[in-house]
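What's counted below: heavy atoms across the whole structure, side chains too, no hydrogens, waters or symmetry copies. To find a chain, count down the sequence lines: A is the first, B the second, and so on, and within it residues start at 1. Computed from a predicted model, the values in this text were never measured in an experiment.
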Protein chains: 2
Amino acid sequence: MNIGQASDASGVSAKMIRYYEEIGLVRPMGRTGNNYRVYGEEEVHILRFIKRARNLGFSLEETEMLLKLWQDKERTSAAVKEVATAHIGDLERRIAEMQGMVRTLKHLAHCCGGDERPNCPILDDLAGAPAPAPQPV
Amino acid sequence: MNIGQASDASGVSAKMIRYYEEIGLVRPMGRTGNNYRVYGEEEVHILRFIKRARNLGFSLEETEMLLKLWQDKERTSAAVKEVATAHIGDLERRIAEMQGMVRTLKHLAHCCGGDERPNCPILDDLAGAPAPAPQPV
DNA sequence: GTGGACCTTCCCATGATGGGAAGGTCAAGG
DNA sequence: CCTTGACCTTCCCATCATGGGAAGGTCCAC
């Protein structure tokens with residue numbers, strides 16, 4: 001299998017496959033005489049693993065750990081769970097942060113006329129004016 | 001005011017102040033004879049505006065638009081509100097995406113023993129096994 | 001006059017991804 | 001046999017916002 005076929009089979013772009021190779025995540029089975037990378041089912045499986053991990057928001061560094069655990073038949077499920085729960089915590093922290101932004105922005109947008117006049121509580125807030133008290137909804 | 005003092009007064013690092021200048025967000029009032037940047041209250045105000053916008057998750061590009069609207073006395077509040085609501089939509093999309101990840105991960109982590117044994121549904125999922133049915137909580 | 005705390009510019013790194021150039025290879029069809 | 005197009009290769013650059021650090025100039029207090 002050439003890199004293009006591996007890309008089709010895994011859903012990972014050829015560009016990224018080469019990059020994952022560069023950072024040590026997945027190596028081709030070998031090279032043909034013309035220096036083309038050759039992949040087999042195993043490599044495609046790894047690429048799909050990486051893609052799935054990325055879809056769940058794991059960084060490539062975390063993905064690498066998970067990949068090593070996957071390939072380590074002596075792993076403990078505790079080790080895997082630890083990586084996962086740390087990531088969940090991370091996501092939840094970021095979600096909470098963004099929810100805070102949304103809450104503030106919605107309040108400001110709600111207070112903004114959104115009309116032809118220049119007066120705007122959103123800009124007032126950004127400019128450092130004390131925030132208008134949130135109205136009970 | 002030197003850049004260090006402007007940094008202290010605005011909470012923006014000197015490094016970032018220079019960068020914001022480079023991309024056209026804020027220029028120093030002038031330079032001293034020794035080529036030091038000089039800032040006044042107005043520039044510090046702009047820096048705080050930028051910082052606040054960044055804290056609300058606006059990109060520097062969006063921040064630039066908001067800054068221009070702020071400085072344009074002819075602006076309409078509708079224009080400002082549009083930038084804000086677009087950003088809210090963006091945040092909500094990202095939050096929903098991350099919540100989906102968390103939901104999946106929590107389910108998988110819940111199904112994972114987290115013990116000394118190697119058997120692990122998290123890895124099974126990443127490896128492409130059909131997900132175990134979520135148990136009603 | 002010396003040391004330390006500033007300031008300047010310039011280059012590099014991050015993380016994950018894509019764009020694109022320049023050049024080699026292969027297969028199919030004229 | 002030759003061309004064309006679809007592959008492949010490596011290499012460099014860009015993104016976004018931020019920080020690190022080097023090399024060198026400046027200023028103030030002791």
What's touching nucleotides 1-8 of chain D from the protein side, N or O pairs under 3.5 Å?
{"from": "D:dC8", "atom 1": "OP1", "to": "A:Gly4", "atom 2": "N", "distance (Å)": "2.5"}

Polar-atom pairs under 3.5 Å, protein N or O versus N or O of nucleotides 14-16 of chain C: list them with distances, or write none.
{"from": "C:dA16", "atom 1": "OP1", "to": "A:Leu60", "atom 2": "N", "distance (Å)": "2.8"}
{"from": "C:dA16", "atom 1": "O3'", "to": "A:Arg54", "atom 2": "NH2", "distance (Å)": "2.9"}

Below 3.5 Å is the cut-off: list the nitrogen or oxygen pairs between protein and nucleotides 19-22 of chain C, distance only.
{"from": "C:dG19", "atom 1": "N7", "to": "A:Lys15", "atom 2": "NZ", "distance (Å)": "3.1"}
{"from": "C:dG19", "atom 1": "O6", "to": "A:Lys15", "atom 2": "NZ", "distance (Å)": "2.8"}
{"from": "C:dG20", "atom 1": "O6", "to": "A:Lys15", "atom 2": "NZ", "distance (Å)": "2.3"}

Sub-3.5 Å pairs of nitrogen or oxygen atoms, protein against nucleotides 28-30 of chain D:
none

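Sorted by first and then second residue, the ring-ring contact (aromatic ring centres under 6.0 Å, His included) pairs involving residues 6-30 of chain A (not counting sequence neighbours) form an empty list. Under the salt bridge (charged side-chain N to carboxylate O under 4.0 Å, His left out) criterion, the residue pairs touching residues 67-79 of chain A are A:Glu64-A:Lys68, with sequence neighbours excluded. Sorted by first and then second residue, the salt bridge (charged side-chain N to carboxylate O under 4.0 Å, His left out) pairs with a member in residues 100-114 of chain A read A:Lys106-B:Glu92; sequence neighbours excluded. Applying the ring-ring contact (aromatic ring centres under 6.0 Å, His included) definition to pairs two or more places apart or across chains, those involving residues 50-81 of chain B are B:His45-B:Trp70, B:Phe49-B:Trp70, B:Phe58-B:His87.
One can place CG of B:Asn55 at 13 Å from C1' of D:dA17, the figure rounded to the nearest angstrom. B:Glu62 has its CD atom 12 Å from the C1' atom of D:dC16, to the nearest Å. For the pair B:Tyr39 OH and C:dC6 C1', the computed distance is 14 Å after rounding to whole Å. Nucleotide D:dT15 holds its P atom 11 Å from the CD atom of B:Glu22, rounded to whole Å. If you measure from atom CG of A:Leu47 to atom P of C:dT17, you get 12 Å, rounded to the nearest angstrom.
Apart from B:Met29 itself, the hydrophobic cluster it occupies contains B:Val38, where clustering links Ile, Leu, Val, Met, Phe, Trp and Tyr at side-chain heavy-atom distances under 4.5 Å.
Residue order along DNA chain C, read from the 5' end via each residue's closest nucleotide, puts A:Ser13 first among A:Ser13 and A:Asn34.
Although no hydrogens or angles enter the test, the distance criterion places a donor-acceptor pair under 3.5 Å between the side chain of B:Ser77 and the main chain of A:Gly114. Side-chain atoms of A:Thr63 do not come within 3.5 Å of backbone N or O of A:Ile50 as any donor-acceptor pair. The main-chain N or O of B:Ser10 is never found under 3.5 Å from a side-chain atom of B:Lys51 such that the two would form a donor-acceptor pair. Counting only distance, with no hydrogens or angles, the side chain of A:Lys81 and the backbone of B:Cys112 share a donor-acceptor pair below 3.5 Å. No donor-acceptor distance shorter than 3.5 angstrom exists from the side chain of A:Ser7 to the backbone of A:Ile3, with no hydrogens or angles considered.
The OG1 atom of B:Thr76 lies 7.5 Å from the CG atom of B:Leu69; values are rounded to the nearest 0.5 Å. To the nearest 0.5 Å, the span separating CD on A:Glu62 from CZ on A:Arg54 amounts to 9.0 Å. Atom CZ in B:Arg48 sits 13.0 Å away from atom CG in B:Asn55 (nearest 0.5 Å).
Across the helix from C:dG1-D:dC30 to C:dG30-D:dC1, the helix axis at one end is tilted relative to the axis at the other end by 30° (nearest 10 degrees, each axis from five pairs).
Here B:Asn2 pairs with B:Gln5, B:Tyr36 under the side-chain contact (heavy atoms from CB on, under 4.5 Å) rule; sequence neighbours left out. Take A:Met65 and apply the side-chain contact (heavy atoms from CB on, under 4.5 Å) test, not counting sequence neighbours, and it matches A:Val83.
A salt bridge links B:Glu21 with B:Arg37: the closest approach of a Lys/Arg side-chain nitrogen to an acidic carboxylate oxygen falls below 4.0 angstrom.
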